[in-house]
Amino acid sequence: MPTCWLVSEDDRHKPIQLPHQQALILGRGPETKIKDQKCSRNQVELRADCNRGFIIVKQLGTNPTNVENVIVGKGNQVPLKPGQKLCMVNQLYPYTVRFIEDASTFGSTGDGNKPVKRPYQKDSHGDEKAKEGPASKISTPSHTEEASYGASVTEKATPQKAEPAGHWSQGLKVSMQDPKMQVYKDEKVVVIKDKYPKARYHWLVLPWESISSLKALRADHCELLKHMQKVGDRMIKHCPDAQKLRFRQGYHAIPSMSHIHLHVISQDFDSPCLKNKKHWNSFTTDYFIDSQEIIAKLERDGKVSVKEGMGELLKLPLCCHVCRKEQATIPKLKDHLKTHLLS
DNA sequence: GTTCTAGAAC
DNA sequence: GTTCTAGAAC
């Protein structure tokens, strides 16, 4: 059976072995050399399946752990396969997973067949709640996922109950199923109004098929994406202000919400829900990728890759999307936008 | 994703 | 003093 190794992509430390079918909890601590206070000492629970060649990543900490740039969500678990990227917290501390047949030349101990020793790490800062427990923990492999969680985690600490489907990042999956939210549906897609619209008109087009993110798209999704855009076109066409307003259709490079969704949004950005720089830049910088561009990339390459560093675009200065003039604050930007509305 | 709020900026 | 942002908490 191959051995499984968690590899620090920025080479902060040597690979950590993940024993087969044993839950290992990692986070801030000497093993990962992560000192970032945003990272819980029990940030993730990792469980390797050495026979099938993947690991299950469960987010235990409050701050986001990402797999392939998608937030896992506290209490949720997702698979991580070789080649995919795990970011321990806040898009930082990248890792990949590797399965090695002969592990003798790999890792820090050179002893490829035994789990890496992980002694109890006393909290030297004394700032962490005692309930967080040891820095890492291996539970017995005989438990089921649920039993293991109940036995090893609940009792020792995490006060919140595991509610994967209840996490905010899963909200779209709930909304799209709610008839009261649906404004259009057919055999392939459903349209809902954005719960917090960032403009006078702001819809989300979601496929019934569960597609986690842009990275999960494959060539055979092209027709679906074209259909989603056509449905968006139809929404715009039936809008009473269609003549007056400009619209864009596109995707966020790194969406916060699970389940792929096409934004159909009018370009007035006249909405009380548009409150901060992140909101603004997510719709007016390259963070917003036009539907056509995604479709073209998918047709050309058979996949969509999102460039690194897109998150930085959200911190850019506030720049008017019409005249590109920079605005100092959100309220000033909102005042400025009114001048374009009147023209 | 939103809400809340400390403290920076004015 | 008030306004506004940015980060933590949810």
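Any value given below was found using the heavy atoms of this structure, including those in side chains, with hydrogens, waters and symmetry copies removed. Letters go in sequence order (proteins before strands), and every chain restarts at 1.
- Checking side-chain atoms of S266(A) against main-chain N and O of Y201(A) turns up a donor-acceptor pair under 3.5 Å.
- One finds no salt bridge joining R28(A) and D36(A) here, because no Lys/Arg side-chain nitrogen approaches an Asp/Glu carboxylate oxygen to under 4.0 Å.
- Using a 4.0 Å cut-off between a side-chain N of Lys or Arg and a carboxylate O of Asp or Glu, E68(A) and K81(A) do not qualify as a salt bridge.
- Side-chain atoms of K173(A) and Q170(A) include a donor-acceptor pair closer than 3.5 Å.
- Contact check of residues 256-285 of chain A against DNA chain C (heavy atom, cut-off under 4.0 Å) returns no residues at all.
- Using a 4.0 Å heavy-atom distance criterion, L172(A) is classed as making no nucleic acid contact.
- Shown here is K334(A), whose NZ atom has more than 12 heavy atoms of other residues, nucleotides or ligands within 6.0 Å.
- Heavy atoms only, all atoms of each residue included: P317(A) and N281(A) are closest at O-OD1, 4.0 Å.
- Residues K332(A) and D335(A) are not paired through a salt bridge, judged by the lack of any N-O separation under 4.0 Å between the basic side chain and the carboxylate.
- Only Y196(A), K198(A), listed by number, bring a heavy atom of residues 189-202 of chain A to less than 4.0 angstrom from any atom of DNA chain B.
- Backbone-only contact: T329(A) has heavy atoms under 4.0 Å from sugar-phosphate atoms and none from a base.
- Side-chain contact annotation: D233(A) with Q249(A), donor-acceptor N/O pair under 3.5 Å present.
- Running 5' to 3' along DNA chain B, contacts with non-hydrogen atoms of chain A at under 4.0 Å begin and end at dG1(B) to dT3(B).
- Under the 3.5 Å distance criterion, the side-chain polar atoms of H261(A) are left unmatched by any main-chain donor or acceptor of L172(A).
- Judged by distance alone, with hydrogens and angles left aside, the side-chain atoms of D290(A) form no donor-acceptor pair with the main-chain N or O of Q292(A) at under 3.5 Å.
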